Every structure is written in C-alpha cells, then in structure tokens.
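Given the structure is predicted, the values throughout are model-derived calculations rather than measurements.
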Amino acid sequence: RPGPATGLPTRTSQGDLLFAINSAQGEFPLMVTAPRDQENAFYETFRTLNLADKYQLPVIILSDQFLADSSRNIPLFDLEKLEINRYLIDPDETAQNSPYKRYRFTEDGISPRAYPGQLTGQTVLIDSDEHNESGHIIEAAEIRKKMVDKRAKKIKKLIQEDLIEPAYYGPDDIDYLLLGWGSSYGPLREAINLLNNQGVKTGYLSFTDLWPLPSQKLTHWLKKDVIPITVENNSEGQFARLIRQETGWEVPHQILKYNGRPFSGKEIFDRINQEVIG
C-alpha cells in the first residue's frame, strides 16, 4: 500500500480509510488497523495475524508511503514475548464435536476450526457461499439469518476482549484535543509539544485500531469542554466522518492535506494557530 495516492504512486495519503472499512458488496465482520510507527508496525502485524486466526475474519493493516520511507531508531524487537496462536480445535475435543461442523453455531460466533486431516474420521467442508453448519451450500432464509447473526457476534467479542483504545499524549487539563490515526503519530507528537510550549493546552489521541472504532477514551474527552481537531492526509475528513457515524460527535475543525506530501509537526502547529486558534 504505497499510497493510496491516485495519480501519485510514489507519494503518500490516508485516502482509503472508509474504503477499507466498507470493502465489500455485503456485510461481514472485519478489522482495520493502522500502525503509528515502524516499531508499532512490527508488533501490530503480529498481533493482528493472531486476531485474524482467533476471530476467523479479515484484518486490513493500513500502512502508507510516509511510514515506509521514513526511518527512526527503535529498540531491538522483543521476540521472546511473541507467541503464535493458531486457534485450531483441540483433537481431544473431537468426541464433543462429532460430527465435526465447520460452521457450528456457538455463543460467541466463533466456530471450531480444523484443517483437513486433523480429525480422524471427520470431514472438513468449507464453502464461500452461504452454508449450513456442516458447510453445505444453502439458500434457506432462516439459516441465512442465523449465520449472519453468528458472524456478527465475533465483533462484539473482539470489542470486549481485544480492541485497543487510542494512546493519549498530553496534560490532564487541556483546551484542544488533536485526533489522528496511523503514521500521523510523529508529526502530531511534535505539534502538541510546540502548542503546549506556546501555552496552548493540547492533548492528542493516536488511533491504531480503527474498525471497530474504539470509543471509550474518545467519548471521555469529548464530554469535556475541549475543542476536537482531526488531522488527516485526505481531502474529505474520513476519520472525522467515521467519528460522527459511530459516536454522534461532530468534529468542528479538520486539518487536511492531500497533495501527496506528509505533514510536519511545524506545519500542523502553524495551521492550528491560523485555522483554529486564530
């Protein structure tokens, strides 16, 4: 994902957020994340691969050209704390799941997963068309509805157990709250330092998990008497639109840039002074 930058294939952008979240002709659960820096990209990729296996759903990782081209010093990766989780069915549970049903209805929406040949005497049927619990294609209205509801339960479990709230940077008492996602992290950290040094009390929420949208910290701050400002590399304020869609909160100020170049901290600092404070 070098852009996405239509017509500028070697430049950067954040113009595909809403496309990634809605990248289907129908409804199915998925997750969208955007790493904030090189170190976070490594650990986030490992984490989301595990989550894709745990919840049996697609995970889209939104990197961009700015992150790919930039460099920084980071600590050595701590490989010891990384663990690969495949979330396959325990063969000892075969008796409890006989006959094996790949799409078994469960309380949390996650069906037991086995690979062909894993379970002695059991057949693994997988189908991309709508199917019953055993994996056979169906068009029955009642089963179709139950399958859609089953898959939707995965998102509820993901939100409760594995969704990560945005990282907050700044003082406890603020007047302005900057909201950014993905690779805007570095420039926004610089910008809030410049603003606070100027005497403008400013905080910053850096989002990595984007869909489902974590809303606890966001709602906590928006309930206070603060002025929210989104900062994005696109022309339509897609993250601000997502916030309004998911929380009902309107973001009154948007700092947008869409000429293929990334933000700098000084640029964000100047534009907030000119377009918001000024």
L163 side chain reached by L158 side chain, heavy atoms, under 4.5 Å: yes
Short side-chain to backbone donor-acceptor contact, E275 and I255, under 3.5 Å: no
Backbone N/O of H136 and side chain of N132: donor-acceptor pair under 3.5 Å: yes
Salt bridge (charged side-chain N to carboxylate O under 4.0 Å, His left out) between E161 and K54, intermediate numbers included: CA-CA 11 Å; E161 296 185 5; K54 177 179 179 179; 3.2 Å; yes
Residues R244 and E250 bridged, charged N to O under 4.0 Å: yes
F263 ring center within less than 6.0 Å of F66 ring center: no
Hydrophobic cluster identity match, W221 and L213, side-chain contacts under 4.5 Å: yes
Minimum heavy-atom distance between L62 and A20, given as atom pair plus value: CD2-CB, 4.1 Å
Side chains of L179 and L218 in contact at under 4.5 Å (non-hydrogen atoms): yes
Y169 and Y185 aromatic centres sub-6.0 Å: yes
Side-chain (D16) to main-chain (F19) donor-acceptor, under 3.5 angstrom: no
Cluster link L205 to V32, ILVMFWY, side chain under 4.5 Å: yes
Derivation of the side chain to side chain contact (heavy atoms under 4.5 Å, CB included) call for I192 and Y176: CA-CA 10 Å; I192 67 162; Y176 298 91; over 6 Å; no
Side-chain donor-acceptor pair present, N50, E83, cut-off under 3.5 Å: no
Any donor-acceptor pair under 3.5 Å from E232 side chain to F239 backbone: yes
Candidate pair D209 and R47, rule salt bridge (charged side-chain N to carboxylate O under 4.0 Å, His left out), full reasoning: CA-CA 11 Å; D209 286 0; R47 167 183 170 252; 2.8 Å; yes
Donor-acceptor contact present, side-chain Q122 to main-chain P99, <3.5 Å: no
Shortest non-hydrogen separation from V251 to A240 and the atoms involved: CB-CB, 4.2 Å
Transitive ILVMFWY side-chain link Y204 to V276, under 4.5 Å: yes
CG-CD1 distance between L195 and I268, expressed to the nearest 0.5 angstrom: 9.5 Å
Any side-chain heavy-atom pair of S111 and K150 under 4.5 Å: yes
Minimal non-hydrogen separation, V200 against N196, with atom names: O-OD1, 3.3 Å
Stepwise side chain to side chain donor-acceptor pair (under 3.5 Å) test for E236 and N234: CA-CA 6 Å; E236 297 182 345; N234 59 57; over 6 Å; no
K157 bridged to D162 by N-O distance under 4.0 Å: no
Verdict with supporting geometry, Y43 and D78, side chain to side chain donor-acceptor pair (under 3.5 Å): CA-CA 9 Å; Y43 292 110; D78 185 1; 5.8 Å; no
Pair R113 + D53, salt bridge at N-O below 4.0 Å: yes
K153 and D108 ion-paired at < 4.0 Å: no
Criterion side chain to side chain contact (heavy atoms under 4.5 Å, CB included) on I89 and L119, from CA distance to verdict: CA-CA 9 Å; I89 188 173; L119 304 178; 4.1 Å; yes
Test log, rule side chain to side chain donor-acceptor pair (under 3.5 Å), inputs N233 and S13: CA-CA 5 Å; N233 274 117; S13 177; over 6 Å; no
Distance (rounded to the nearest 0.5 Å) between R104 CZ and E133 CD: 6.5 Å
Expected output: side-chain K154 to main-chain Y55 donor-acceptor under 3.5 Å: yes
Non-hydrogen side-chain atoms of L242 and E246 separated by less than 4.5 Å: yes
For A41 against L67, the heavy-atom pair lying closest together: CB-CD2, 4.4 Å
N/O donor-acceptor pair under 3.5 Å between E44 side chain and P35 backbone: no
Separation between CD1 of I138 and CG of D129, rounded to the nearest 0.5 Å: 9.5 Å
Minimum side-chain heavy-atom gap L125-R102 below 4.5 Å: no
Sub-4.5 Å side-chain heavy-atom contact between L30 and L57: no
Donor + acceptor pair across side chains of R36, T208 (<3.5 Å): yes
Backbone of A52 reached by a side-chain donor or acceptor of Y87 within 3.5 Å: no
Inter-residue atom distance N85.CG - L49.CG, 0.5 Å rounding: 11.5 Å
E130 vs R151, salt bridge (charged side-chain N to carboxylate O under 4.0 Å, His left out): CA-CA, chis, key distance, verdict: CA-CA 12 Å; E130 192 57 278; R151 292 188 286 266; 2.8 Å; yes
Same apolar cluster: V124 and M147, side chain cutoff 4.5 Å: yes
Nearest non-hydrogen partners of D127 and G135, listed with the distance: CB-O, 3.5 Å
Residue pair W211 / M31, side-chain heavy-atom distance below 4.5 Å: no
S206 side chain to P166 backbone, donor-acceptor under 3.5 Å: no
Same apolar cluster: I227 and W249, side chain cutoff 4.5 Å: no
Test side chain to side chain contact (heavy atoms under 4.5 Å, CB included) applied to S23 and I60, step by step: CA-CA 10 Å; S23 56; I60 299 174; 3.8 Å; yes
Euclidean distance, K101 NZ relative to T106 OG1, rounded to 0.5 Å: 12.5 Å
Heavy-atom donor-acceptor pair, S184 side chain to G180 backbone, under 3.5 Å: no
Six-ring centre of F207, K217 cation under 6.0 angstrom, axis tolerance 45°: no
Validation row: Y168, I174 side chains within 4.5 angstrom (heavy atoms): yes
Audit row: R86, I84, side chain to side chain contact (heavy atoms under 4.5 Å, CB included) steps and yes/no: CA-CA 6 Å; R86 305 305 295 179; I84 298 173; 3.6 Å; yes
Separation between CG of L210 and CD of Q14, rounded to the nearest 0.5 Å: 9.0 Å
S70 and Q38: side chain donor to acceptor below 3.5 Å: yes
